[in-house]
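What follows is a set of notes on a single structure, which appears directly below.
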Amino acid sequence: MPQIAQLAEFYSSQIFWSLVFFGLTFFVIGRGMVPKVMGTVELRDNQIAADLAAAQAARDAADEQEEAWRKRENENRAAAQATIAEAKAKAAAKTEATLAKAQTKIDAKLEAAEAAISEARTSAMAEVETVAAEATQDIVSRLAGAKVDKRTARSAVKKALANG
Amino acid sequence: MAAEAGKVDPMKQFQLEPMFGSSGWEIAGVNIAFTNSAFWMAITTVLIWAFVFGGMKRQLVPGRWQMAVESFTGFIDDMLEANIGKAGRKYVPYVFSLFMFILFANLLGLLPIGLLGLHPFTFTSHFTVTGVLAIISFSIVLVVGFWKHGIKFFTLFVPHGTPVPMILPIALIEFFSFLIRPFSLALRLFVAMMAGHVLLKVLSSFVIDGVNAGVGIGLMVSLPSFALMVAISALEILVAGIQAYVFALLTSLYINDAEHLH
């Protein structure tokens, strides 16, 4: 086994060069370069963490704004609804008032018309009586040759009308 | 390697050879020959540097390469955070270096560049190297433990709720298991890497010897051996990753002991 056979001859060289090259590796690479590599990694990790935090904050802000917008929107909608309801109520009231006015007018017209009709009927009745009385006078004078005065004829007509 | 002679020495791949005529290099009387092992350590270091450098563009949206590097650092970071907690972050540079150094070494040792006449060398198959890494890890545990807890670090050897008469034997057992940690850490990696490579070399010698012995034996021995080599190579890639992971994981567990006692 050369490791043992050559031990006496080369142990010092082996130890020396191991120390030299491992020392170089440690001081140049391990101490000099590795911290920089790890620094880069840490920098990146921090940046990613910061970016994530910023994104989270932005999302929170967006959520907040959306919430506010929704609230405003709801308020606006409620206000609009209220306006519509008010307008509806106003329109309904107005319509009612107009209708009521029209109704009174119509009622008045109807009353007047009824009154006119009843008047017309009365006058027509009177006319009929007069005409009937005259006709009765006429018929009596023609048939009986007797002269009947107006008052008698009229009362007779009235009696007949009331009976018939 | 020694295929021309019809014989494969499964141990030759672990042979250390000084390169560039450096066998006489010395510092303060100690030999520091630049061997093939050191050469592959250099390659490992350069490749890790290139790998991590490619991931240093610091883009906000990472490319594939940067993503790969970041997933490695993130992997170590997660492991330390899971085992040690927030205090584990400061060990990321060390555990990352350890993990990548072992992982790249293991994987480079498996490169099939023998086809090009080159010899890959797995320096994690030498306990001198894994021992150095294990001792560094163990030293960090000791330093952190005594730095944070002072003399109270010794309470690590007495788990909570130990009955009074059991304190001494349990402390002894805990103490020895603690002392054995660097050895188990070093030997586990060294043995796993060596065993895999020896197995592959032995199987490859079966393939070569079988072919040399004729068509009949070649079909009976070489073909199954070769199929097994393919499967074991895949397994070795897995082992390369697992051993690097185990080394880093155990190191982080030991550091956790030092950070938090029990």
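The model shown is predicted, which means the values in this text are computed figures rather than measured ones. Below, read A as the first sequence line, B as the second, and so on, with proteins coming before strands; counting in each chain starts at 1.
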Who among B/F72, B/F96, B/F101, B/Y94 has the most heavy-atom pairs with chain A under 4.5 Å?
-> B/F101
Answer with side chain, backbone, both or neither: which region of B/F34 has an atom nearer than 4.5 Å to a non-hydrogen atom of chain A?
-> both
Quick one: what part of A/F16 sits under 4.5 Å from any heavy atom of chain B, side chain, backbone, both or neither?
-> side chain
So CD1 of B/I237 and CD1 of B/I242: to nearest 0.5 Å the spacing works out to 12.0 Å
Per-residue contacts, residues 33-60 of chain A versus chain B, heavy atoms under 4.5 Å | A/M33, A/V34, A/K36, A/V37, A/M38, A/G39, A/T40, A/V41, A/E42, A/R44, A/Q47
If you draw a 6.0 Å radius around NZ in B/K90, do more than 12 non-hydrogen atoms from other residues or ligands fall strictly inside?
-> yes
Partner chain A: residue of B/V198, B/V92, B/V69 with the largest heavy-atom pair count (under 4.5 Å) | B/V92
When rounded to the nearest 0.5 angstrom, what distance separates CE in B/M229 from NZ in B/K201?
-> 8.0 Å
Turns out that what part of B/M100 lies under 4.5 Å from chain A's heavy atoms comes down to neither
Donor-acceptor pair, B/D77 side chain versus B/T73 backbone, under 3.5 Å?
-> no
Verify whether the ring centers belonging to B/F39 and B/H119 lie closer than 6.0 Å.
-> no
Does a sphere of radius 6.0 Å around CZ in B/F183 hold more than 12 heavy atoms from other residues, nucleotides or ligands, not counting ones at 6.0 Å or beyond?
-> no
Side chain, backbone, both or neither: which part of B/V132 has an atom under 4.5 Å from a heavy atom of chain A?
-> side chain
Within 6.0 Å of CZ in B/F51, more than 12 heavy atoms from elsewhere | yes
Side chain to side chain contact (heavy atoms under 4.5 Å, CB included) evaluation trace for B/I136 with A/L19 = CA-CA 9 Å; B/I136 294 174; A/L19 287 175; 4.1 Å; yes
Residue from B/I76, B/V95, B/T128 scoring the most non-hydrogen pairs under 4.5 Å with chain A is B/T128
Check: B/F14 ring centroid to B/F190 ring centroid under 6.0 Å = no
Is there a donor-acceptor contact under 3.5 Å from the side chain of A/W17 to the main chain of B/V129?
-> no
For chain A, the option from B/S125, B/G131, B/G74, B/G55 that forms the most heavy-atom pairs under 4.5 Å = B/S125
